[in-house]
*Asks:* 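Here it is, the structure in full.
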Amino acid sequence: MQIFKLSALGIIVLSVVLVLNNLSISGYFPIKTVRVYGLNRVDQQEVHDLLLPLVNHGFFTINVDHIRDHLLQMPWISDLYVRRVWPDQVVITLAEKNPVARWNEDSLLSEAGELFTPLQSSYPANLPRFSGPSGQQIFMLRYFSDINRLLLPLRAKISYLELTPFLTWKLTLDNGITIQIGHKHILTRLNQFVKVYPKIIGTRANDVDYIDLRYPNGVAVRFKEMTSI
């Protein structure tokens with residue numbers, strides 16, 4: 001008798017599922033509200049147009065993984081979380097990529113070393129520019145951070161960083177000074193220069209055109225409208 005009751009219960013549950021499917025449950029619990037948090041650089045209209053057909057389902061049939069996969073294809077989005085809130089809401093919380101530099105004029109480089117190419121109208125202003133060979137962005141990003149730390153005593157930062165195909169380094173500071181470093185002992189040479197900067201440059205940063213650190217035992221400085229010393 002107990003086996004019969006269990007079998008009957010199974011038939012009832014199965015029947016309910018079939019009835020709900022036949023009634024198209026999605027039509028009885030439609031999604032009425034979609035909330036998106038974390039938008040900054042991402043274009044709101046683009047998000048709206050992407051989500052509209054994806055949320056045109058019922059609470060129980062909406063595919064949150066499908067929504068996540070589609071949103072992650074947008075260049076600015078790094079990660080996101082999608083959840084349903086009873087009875088008629090979808091809540092999306094997203095994280096945008098944090099750009100640290102422009103890469104070769106046509107892309108952005110994130111703090112995680114990822115290259116991405118959103119609309120240029122969404123690019124942040126005053127980002128430093130990187131110029132380097134393909135595949136070297138993480139290598140350059142590491143040196144960018146190390147060099148900027150060395151430059152802290154000078155109250156200067158990198159505005160342009162170049163790595164040539166021959167792996168030689170060149171940079172321009174935000175005070176306009178261009179520095180050639182070469183390909184050996186990059187951080188050591190720069191650290192030594194920072195130490196002698198007050199004596200060589202002092203308050204004349206605006207007068208400096210070019211600095212060459214590629215000499216093993218010295219530094220070459222070219223002042224504007226003056227010969228090298």
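Scope of the values below: all heavy atoms of this structure, side chains included, with no hydrogens, waters or symmetry mates.
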*Asks:* Salt-bridge test for D209 and R222: reply yes if a basic N is under 4.0 Å from a carboxylate O, no otherwise.
*Replies:* yes
*Asks:* Answer with yes or no after comparing the ring centroid distance for F139 and W169 against a 6.0 Å cut-off, counting only values under it.
*Replies:* yes
*Asks:* Quick one: does H57's side chain get under 4.5 Å of N63's, heavy atoms only?
*Replies:* no
*Asks:* Got a second to check how far I67's CD1 is from L50's CG, nearest 0.5 Å?
*Replies:* 9.5 Å
*Asks:* Is it true that a side-chain atom of D212 and a backbone atom of R214 form a donor plus acceptor pair closer than 3.5 Å?
*Replies:* yes
*Asks:* Rounded to the nearest 0.5 Å, how far apart are CG of L213 and NZ of K170?
*Replies:* 13.0 Å
*Asks:* Might you point out which heavy atoms bring A156 and L173 nearest each other, and give the distance in Å?
*Replies:* CB-CD1, 4.1 Å
*Asks:* Using 0.5 Å steps for rounding, measure from the OG atom of S145 to the CG atom of L150.
*Replies:* 11.0 Å
*Asks:* Please enumerate all residues that pass side-chain contact (heavy atoms from CB on, under 4.5 Å) together with S78, with sequence neighbours excluded.
*Replies:* K97
*Asks:* Mind checking whether L151 and Y210 sit in one hydrophobic cluster, side chains of I, L, V, M, F, W, Y counted as touching below 4.5 Å?
*Replies:* no
*Asks:* Would L71 and L94 count as a side chain to side chain contact (heavy atoms under 4.5 Å, CB included) if you check the C-alpha gap in whole Å, the side-chain angles of each, and the deciding distance to 0.1 Å?
*Replies:* CA-CA 9 Å; L71 285 174; L94 58 86; 5.5 Å; no
*Asks:* Quick check for you: to the nearest 0.5 Å, what is the distance between R41 atom CZ and L108 atom CG?
*Replies:* 9.5 Å
*Asks:* With sequence neighbours left out, write down each residue that passes side-chain contact (heavy atoms from CB on, under 4.5 Å) with K157, or none if nothing qualifies.
*Replies:* N148, D174
*Asks:* Identify the heavy atoms of W76 and S122 that sit nearest to each other, and give their distance.
*Replies:* NE1-OG, 2.8 Å
*Asks:* Could you check whether atom OH of Y81 has more than 12 heavy atoms from other residues, nucleotides or ligands sitting under 6.0 Å from it?
*Replies:* no
*Asks:* Side chains of V82 and T93, heavy atoms from C-beta outward: is any pair under 4.5 Å?
*Replies:* no
*Asks:* Hey, quick one: are Y143 and L167 part of the same hydrophobic cluster, counting side-chain heavy atoms closer than 4.5 Å, chains of contacts allowed?
*Replies:* yes
*Asks:* Should the pair W86 and F29 be assigned to parallel (<30°), tilted (30 to 60°) or perpendicular (>60°) ring geometry?
*Replies:* tilted
*Asks:* May I have all residue pairs that pass ring pair (Phe, Tyr, Trp, His ring centres under 6.0 Å) and include part of residues 186-205, sequence neighbours excluded?
*Replies:* F193-Y197
*Asks:* Between E162 and L171, is a side chain to side chain contact (heavy atoms under 4.5 Å, CB included) present by the stated rule, with each step listed?
*Replies:* CA-CA 6 Å; E162 179 181 350; L171 61 92; over 6 Å; no
*Asks:* Any idea which heavy atoms bring P198 and K195 closest together, and the distance?
*Replies:* CD-O, 3.5 Å
*Asks:* Let me see the working for F116 and S107 under side chain to side chain contact (heavy atoms under 4.5 Å, CB included), right down to the final yes or no.
*Replies:* CA-CA 6 Å; F116 62 107; S107 296; over 6 Å; no
*Asks:* Just list the side-chain donor-acceptor pairs under 3.5 Å for residues 176-192, sequence neighbours left out, or say none.
*Replies:*
unit_1	atom_1	unit_2	atom_2	d
T178	OG1	T172	OG1	3.4
R189	NH1	I181	O	3.0

*Asks:* Could you grab the distance from atom CH2 of W103 to atom OG of S134, nearest 0.5 Å is fine?
*Replies:* 7.5 Å
*Asks:* Between the side chain of E96 and the main-chain N/O of V42, is any donor-acceptor distance below 3.5 Å?
*Replies:* yes
*Asks:* Can you list every side-chain hydrogen bond (donor to acceptor under 3.5 Å, both in side chains) pair that touches residues 30-39, not counting sequence neighbours?
*Replies:* R35-Q89
*Asks:* Honestly, is R102 close enough over F130, meaning NZ or CZ under 6.0 Å from the six-membered ring centre and within 45° of the axis?
*Replies:* no
*Asks:* Counting neighbours of CD on Q45 that are heavy atoms of other residues, nucleotides or ligands and sit closer than 6.0 Å, is the number greater than 12?
*Replies:* yes
*Asks:* Is a side-chain N or O of H70 found less than 3.5 angstrom from the main chain of H66, in a donor-acceptor match?
*Replies:* yes
*Asks:* Counting C-beta onward and ignoring hydrogens, is there a side-chain heavy-atom pair between R83 and V85 closer than 4.5 Å?
*Replies:* yes
*Asks:* Quick check on the hydrophobic clustering: are L39 and V91 connected, directly or via other members, by side-chain heavy-atom contacts under 4.5 Å?
*Replies:* no
*Asks:* Is there any salt bridge (charged side-chain N to carboxylate O under 4.0 Å, His left out) pair reaching into residues 46-75, and which pairs are they, with sequence neighbours excluded?
*Replies:* R68-D79
*Asks:* Would you kindly confirm whether I138 and L163 end up in one hydrophobic cluster when ILVMFWY residues are joined by side chain heavy atoms under 4.5 Å apart?
*Replies:* no
*Asks:* In Å and rounded to the nearest 0.5 Å, what is the OG to CG distance from S131 to L161?
*Replies:* 9.0 Å
*Asks:* L154 and Y160: same hydrophobic cluster, using ILVMFWY side-chain contacts below 4.5 Å?
*Replies:* no
*Asks:* Which pair of non-hydrogen atoms, one from V208 and one from K224, has the smallest distance, and what is that distance?
*Replies:* O-CE, 3.6 Å
*Asks:* Step by step, would you call I158 with I147 a side chain to side chain contact (heavy atoms under 4.5 Å, CB included)?
*Replies:* CA-CA 8 Å; I158 297 171; I147 292 172; 3.5 Å; yes
